[in-house]
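Please read the structure below before turning to the comments.
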Amino acid sequence: MIYFLVLTALTVSIDSFVCGFSLSFISRKKLPIILTIALTVFLMCLITNYAPVFFSQYLTENTTIIGGIILVLIGTYNFVKSFSKTTKPKTTNSRGQILLTGIAVGMDGALANLSLSLMKINEFYVPILIAFMHAIMIWLGILLSQTKLAKKFAKIEFFPPLILIFLGMEKLLGLFI
C-alpha cells in the first residue's frame, strides 16, 4: 500500500518540479517558495482528506482546469511584466504569485487525496506524504535552475513565464485528449 501512495504522490507532484524551476527565477528566497507551496498543498489535501462527502460533489477531474488556468494566468502576467519597463526588479518576493501557484499545483494533489479518501484511505499521513513529495519536487526544480545552462536561460526574461504557460496549457489540453 505504501508504494501505491508514494507513486500517487510522485505522480501528482511532477508539475511542482517545473513550477519550482520557473519560480526560482523570480525570487531570491527559495525556502519561502518550497514552504508556501508545500503548506498550501498540505492544507488542500487535509481538507479533502476529512471532508470527502462534501467535496466529492464539487471537486471533479475537471477541477484540474482551474489549476491550468491559474498557471497560464500567472505565466501570462509574468510574460507581460518581463516586457514592461516600469516593473520592479525581477528579484522581488511575490508571495501571492507563489501562493496561487501552490493552489494550482495542489489541485492534483487534493483530487488524488479526495480519491484516496473515498477509497477509505484517509489516514493523516497521506496529506503529509503528498505535500512532502511536492516540496521535494520544488526543491529539485530549484536545484536545476541553479545550473549553468539554466542560468543562461534565466537571462531571457520571458522564458520562466513561458514555462508556466506551457505547464498550464498541458494541464488544460490533458483534459481533452
Side-chain angles (χ1 to χ4, degrees), residues 1-24 26-27 30-78 93-142 163-177:
M1 178 62 76
I2 193 69
Y3 295 118
F4 171 71
L5 293 175
V6 169
L7 284 175
T8 301
L10 179 63
T11 302
V12 298
S13 65
I14 294 294
D15 51 353
S16 289
F17 174 78
V18 177
C19 288
F21 178 78
S22 179
L23 288 174
S24 68
I26 66 164
S27 177
K30 309 305 183 207
L31 189 59
I33 294 172
I34 296 170
L35 293 178
T36 302
I37 293 177
L39 184 61
T40 303
V41 170
F42 174 71
L43 291 175
M44 290 172 68
C45 288
L46 193 62
I47 290 168
T48 58
N49 197 43
Y50 292 110
V53 174
F54 176 73
F55 282 104
S56 63
Q57 299 170 4
Y58 302 106
L59 291 177
T60 65
E61 300 259 337
N62 292 331
T63 307
T64 305
I65 202 166
I66 296 170
I69 290 170
I70 291 172
L71 288 174
V72 168
L73 290 175
I74 292 170
T76 303
Y77 171 77
N78 283 339
N93 188 1
S94 40
R95 291 182 197 114
Q97 202 172 356
I98 295 168
L99 180 65
L100 282 175
T101 303
I103 291 170
V105 299
M107 292 283 184
D108 291 342
L111 289 173
N113 196 80
L114 178 66
S115 298
L116 293 170
S117 168
L118 291 172
M119 294 170 24
K120 306 294 186 220
I121 306 172
N122 57 352
E123 302 297 326
F124 183 73
Y125 61 84
V126 175
I128 293 172
L129 179 64
I130 292 173
F132 181 71
M133 193 63 74
H134 273 78
I136 289 173
M137 288 295 157
I138 296 163
W139 177 69
L140 289 173
I142 289 171
I163 293 172
L164 289 179
I165 292 170
F166 286 134
L167 181 62
M169 293 302 292
E170 183 273 330
K171 283 180 165 282
L172 292 172
L173 291 175
L175 292 173
F176 303 112
I177 295 176

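The basis for the numbers below is simple: all heavy atoms, side chains too, and nothing from hydrogens, waters or symmetry mates.
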Can you tell me how far apart [atom1] ([X]) and [atom2] ([Y]) are? Round to the nearest 0.5 Å.
X    : Y    : atom1 : atom2 : value
L111 : S117 : CG    : OG    : 12.0 Å
T101 : I37  : OG1   : CD1   : 5.5 Å
L140 : I14  : CG    : CD1   : 9.5 Å

Among all residues two or more places apart in sequence or in another chain, which pass the side chain to side chain donor-acceptor pair (under 3.5 Å) test with S22? none
Between [Y] and [X], is there a side-chain heavy-atom distance shorter than 4.5 Å?
X    : Y    : value
Y125 : L5   : yes
C19  : L167 : yes
V72  : L164 : no
E123 : N49  : no
M44  : T48  : no
M137 : V105 : no

Sort and list the pairs that fulfil salt bridge (Lys or Arg N to Asp or Glu O under 4.0 Å) and have at least one residue in residues 38-51, not counting sequence neighbours. none
Inter- and intrachain pairs under salt bridge (Lys or Arg N to Asp or Glu O under 4.0 Å), touching residues 2-20, at least two apart: D15-K171
Least distance between heavy atoms, [X] atom then [Y] atom:
X    : Y    : answer
P32  : I98  : O-CG2, 4.3 Å
G102 : V41  : O-CG2, 4.0 Å
M133 : S13  : CG-OG, 3.1 Å
T8   : A112 : CG2-CB, 4.0 Å
I130 : C45  : CG2-SG, 3.7 Å

With no hydrogens and no angle check, is any side-chain donor or acceptor of K30 less than 3.5 Å from a backbone partner on I142? no
Under the 3.5 angstrom rule, does the side chain of T40 hit a backbone N or O of T36 as a donor-acceptor pair? yes
Of all pairs that satisfy ring pair (Phe, Tyr, Trp, His ring centres under 6.0 Å), the ones with a partner from residues 5-24, not counting sequence neighbours: F21-F25
Let's go through L116 and F4 carefully: what are the C-alpha distance in whole Å and the side-chain angles of both, what is the deciding distance for side chain to side chain contact (heavy atoms under 4.5 Å, CB included) to 0.1 Å, and is it a yes or a no? CA-CA 11 Å; L116 293 170; F4 171 71; 3.4 Å; yes
Any residue meeting side chain to side chain contact (heavy atoms under 4.5 Å, CB included) with A38, in chain and number order, not counting sequence neighbours: A135
Applying side chain to side chain contact (heavy atoms under 4.5 Å, CB included) to I128 and not counting sequence neighbours gives F42, F124
